[in-house]
Amino acid sequence: DAGVIQSPRHEVTEMGQEVTLRCKPISGHNSLFWYRQTMMRGLELLIYFNNNVPIDDSGMPEDRFSAKMPNASFSTLKIQPSEPRDSAVYFCASSVMDRNEQFFGPGTRLTVL
Amino acid sequence: GNSVTQMEGPVTLSEEAFLTINCTYTATGYPSLFWYVQYPGEGLQLLLKATKADDKGSNKGFEATYRKETTSFHLEKGSVQVSDSAVYFCALTSGANSKLTFGKGITLSVRP
């Protein structure tokens, strides 16, 4: 199994630009999670989906952030416009719903200048 | 609501030393408990888990016992190696979904 796939692995952009992060969950998994990790705030859950439907987006910091899951094998996290304080590592994770164990991708390191 | 509290870090040990990392939790219902490990530059990996009281999770020489009476899930290893240097996260889920609540994580450095 390929595991959770995230792209790009690294992204450097300028303030004000749109950023799109991508995630392909493990085949057969029906829950998908987006996390953000920073030194200051640690690991934060941004949003999660069950069966492609957003269940809890209370962790999304503000309207500049949006996430979609158009089908079971693909999700995006978009930041528009980006700001320097969005610099972080963004992780995607997937699981079989109600099975508890989440499998994490390698992360996307975002730097906003 | 659910919460996980981990001891403050970082922790630095010499190779072959004994390791204990404390974790306590607050949760509704009957949570499942986890330890995840993050090696440098990588995503989190499940290290071990326990799903009910008195269960012991173990993997790679690490152990943790689900203690309901003290709401704790402390991680232990008898003899750490340099390759164990990583960030360790305690976490829980409860209820009908897979949403994890994480502790802040603790960095372990093992010197030769």
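This is a predicted model, so every value here is computed, not measured. The basis for the numbers below is simple: all heavy atoms, side chains too, and nothing from hydrogens, waters or symmetry mates. To find a chain, count down the sequence lines: A is the first, B the second, and so on, and within it residues start at 1.
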Open item on the list: Could you measure the distance from the NZ atom of B:Lys104 to the CG atom of A:Leu43? Nearest 0.5 Å is fine.
Closed with: 11.0 Å
Task: Between CD on residue B:Glu42 and CZ on residue A:Phe91, distance to nearest 0.5 Å - done: 9.5 Å
Open item on the list: For A:Arg9, which atoms come within 4.5 Å of any heavy atom of chain B: side chain, backbone, both, or neither?
Closed with: side chain
Open item on the list: Are there over 12 heavy-atom neighbours, none belonging to A:Asp63, within less than 6.0 Å of that residue's CG?
Closed with: no
TODO: Against chain A, label B:Gln45 side chain, backbone, both or neither, depending on which of its atoms sit under 4.5 Å from a heavy atom there.
DONE: neither
- [ ] Could you grab the distance from atom CG of B:Leu46 to atom OG of A:Ser95, nearest 0.5 Å is fine?
- [x] 11.5 Å
Open item on the list: Other residues, nucleotides and ligands only: do more than 12 of their heavy atoms fall within 6.0 Å of CD on A:Glu83?
Closed with: yes
TODO: Heavy atoms only, distances under 4.5 angstrom: which of A:Gly107, A:Gly105, A:Pro106, A:Ala93 has the most pairs with chain B? Name it, please.
DONE: A:Pro106
Open item on the list: Is there a path of hydrophobic side-chain contacts, each under 4.5 Å between heavy atoms, that joins B:Phe102 and B:Phe62?
Closed with: no
Task: Over 12 non-hydrogen atoms of neighbours within 6.0 angstrom of CD in B:Glu69 - done: yes
TODO: Answer with yes or no whether the hydrophobic clustering places A:Val19 together with A:Ile5; edges join I, L, V, M, F, W, Y residues whose side-chain heavy atoms lie under 4.5 Å apart.
DONE: no
TODO: Compare every heavy atom of B:Leu44 with every heavy atom of A:Phe104, then report the nearest pair and how far apart it is.
DONE: CB-O, 3.3 Å
Task: Atom CZ of A:Arg64: over 12 foreign heavy atoms under 6.0 Å - done: yes
Task: Heavy-atom pair of closest approach, residues B:Phe89 and A:Gln37 - done: CZ-NE2, 3.5 Å
Open item on the list: Tell me whether A:Glu62 at atom CD has more than 12 heavy atoms from other residues, nucleotides or ligands lying less than 6.0 Å away.
Closed with: yes
Task: Rounded distance (nearest 0.5 Å) linking atom CZ of B:Phe34 with atom CD of A:Gln102 - done: 8.0 Å
